[in-house]
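So the structure is just underneath, and the comments pick up after that.
Proteins come first, then strands; the chains are lettered A, B, ... in the order of their sequence lines, and each starts at number 1. Small disclaimer: the values here were computed from a predicted structure and weren't measured.
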2 protein chains.
Amino acid sequence: MSALTNAIEILRCFSGAQPDLSFADVMTLTGKPKSSTSRLLRALRDCGLLEQDPHTRRYRPGLLTFELGRLHRAHDDLISMAERELREVCARTGHTGYIAVLDGYEQVVLRIVPGSNPLRVVNPPGQRTPALATSNGRAMLARLSDQDIRARVPATYPKLPRNSPQNLKQLMVRLDEIRRTGVSEAADESIEGVGSQGFALKSGETGEMIGIAVSYSVQATTVAERANVRRELTAMAAKLRRLTGDQLDQVVTRAQATR
Amino acid sequence: MSALTNAIEILRCFSGAQPDLSFADVMTLTGKPKSSTSRLLRALRDCGLLEQDPHTRRYRPGLLTFELGRLHRAHDDLISMAERELREVCARTGHTGYIAVLDGYEQVVLRIVPGSNPLRVVNPPGQRTPALATSNGRAMLARLSDQDIRARVPATYPKLPRNSPQNLKQLMVRLDEIRRTGVSEAADESIEGVGSQGFALKSGETGEMIGIAVSYSVQATTVAERANVRRELTAMAAKLRRLTGDQLDQVVTRAQATR
DNA sequence: AAGTCGGTTCCAAAATTCGGAACCATGTCC
DNA sequence: GGACATGGTTCCGAATTTTGGAACCGACTT
């Protein structure tokens, strides 16, 4: 195990639920002995990746991560283009929009476009969710090869919400449907009463892929309204695919999709 | 040199001016041989700290930095309290507000409150500037001990804009003035035609220090308006110092201020 | 006075990294 | 077609780091 691997292992312990950790927290989360934890935390702190509260002595992501995180938006040609379109759709429909990327078998929220409807935003940017349980997550998976998908799903199929695909076979059925229709739908999965529709967009130029979704309350929307969302999404997808040179049939390889 | 040090050295090559780098760029910037650069870039890419554009093959900060960056001081009471007050002042005055922290002899912008006046936001969050050349940067320095300040200023005093202090003596004169008045002022320094006033706030509880500033166009503001900004800032400073238990006279040590 | 938390320091063994050199796949210029 | 540049990868022995157990430590609590 390299020093970098260890450092990353520590960094990955931090999350929205646990934005700061004590020495003991890190020790138990990584399972590393005291001396190693001590050395690594110090190194991470000294280089700015972590910082330490002088009062509570707890560790949290540091200034350097903040600066680098701001730089990540650099690849936003695809994202900002999608965001612009999504903003218009959300303004027209009043629903909440999401842009996310795939990372392994999970997705990470990159942008949110709050709608005018009073649906509380539940997934802030940076939020990590199993891609199997969201509409745009599955839309992104649907564009990978079957072999690649199998490689991404954990060896033991994860326990997902009731309405999500419960095994690899059910997943494949839903992905095939997405491949046929071009749009992915979810209802009552990660969050009760919330539904969404989404699609995946892949830049023909850079090959990078993002998921775009519109989310709404299932109770507060009619069948007609949801059909309207589908029309909006289909139109947006067509326009964005044209703008970004997205060739739908082209399968994304593992390396392209993750990084 | 540890593996982590090398990794950080690469990460620090990325900046707002150069948000993505080629293999050769990294090699020349770090001065490391090809094989080492290759291994390190791969490691950084594999762990998510960097990502590589599949088309141009250039490297840029990765998804992990985005996620961690979102976590940085997400629940920081001092900052959110200051931001709330700053928002009100900016709404009343129409100017742009900044919150920054000190890192060595530089400051990094953490939060921005855009004003209603048409002054384009020039310093996005994550922006790094010599603290000697900004109002809130100097306000933060003014709260350190003279010894600590001397330790932070580089051995060869940096070349700064015309209106910034040009040497250690001039700097000390300006810092003394800030210590007397409690407010720091800048005009036509980092950016021509832009002025700002700021102060430093230090939590009595945690000891962490931030700089708060209001920025405006020098041409588009009158002397009276700038005096008004000063009154607003003085009032905000008094309120925030009361809320956070900031004892003005207490000097911040080096360790507390940086991390 | 004892115990806990959050560390630091020491050490020899084990693992990793280092950098030069050779190699290679693409793309491009002449 | 051939030469050259770019952007890498792989190999290897030597050199450097990392590792983890154990002892120790200062501040604070019980």
**Q.** Ion pair Asp146(A)/Arg150(A), N-O distance below 4.0 Å
**A.**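 No, this pair does not count.
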Q. Charged N to carboxylate O below 4.0 Å: is that the case for Arg111(B) and Asp76(B)?
A. no
In whole Å, I'd like the distance from the [atom1] atom of [X] to the [atom2] atom of [N].
{"X": "Lys32(A)", "N": "dT18(D)", "atom1": "NZ", "atom2": "P", "value": "14 Å"}
{"X": "Asn6(A)", "N": "dA14(C)", "atom1": "CG", "atom2": "P", "value": "19 Å"}
{"X": "Leu4(A)", "N": "dT17(C)", "atom1": "CG", "atom2": "P", "value": "9 Å"}

Q. Through what angle, rounded to 10 degrees, does the axis of the helix from dA1(C)-dT30(D) to dC30(C)-dG1(D) turn between its ends, using five pairs per end?
A. 40°
Can you give me the closest heavy-atom contact between [X] and [Y], atom names plus distance?
{"X": "Val101(A)", "Y": "Met140(A)", "answer": "C-CE, 3.8 Å"}
{"X": "Thr37(B)", "Y": "Lys32(B)", "answer": "OG1-O, 3.5 Å"}
{"X": "Ile149(A)", "Y": "Met172(A)", "answer": "CG2-CE, 3.9 Å"}

(Q) Under 4.0 Å from OP1 or OP2 of dT19(D): is there any side-chain N or O of Ser36(A) that close? (A) no
Q: Examine distances only and state if a side-chain atom of Arg45(A) and a backbone atom of Glu51(A) form a donor-acceptor pair shorter than 3.5 Å.
A: no
Q: May I ask you to test the Leu110(B)-His72(B) pair for a side-chain heavy-atom distance under 4.5 Å?
A: yes
(Q) As a test of understanding, state which of Leu40(B), Leu44(B), Leu11(B) forms a side chain to side chain contact (heavy atoms under 4.5 Å, CB included) with Asn6(B). (A)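 Of the listed options, the one satisfying the test is Leu40(B).
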Tabulate atom names and distances for all N/O pairs under 3.5 angstrom spanning the protein and nucleotides 5-9 of chain C.
unit_1 : atom_1 : unit_2   : atom_2 : d
dG7(C) : OP1    : Gln52(A) : NE2    : 3.1
dG7(C) : OP1    : Tyr59(A) : OH     : 3.2
dG7(C) : OP2    : Tyr59(A) : OH     : 3.2
dG7(C) : N7     : Lys34(A) : NZ     : 3.2
dG7(C) : O6     : Lys34(A) : NZ     : 2.9
dT8(C) : OP2    : Ser38(A) : OG     : 2.2

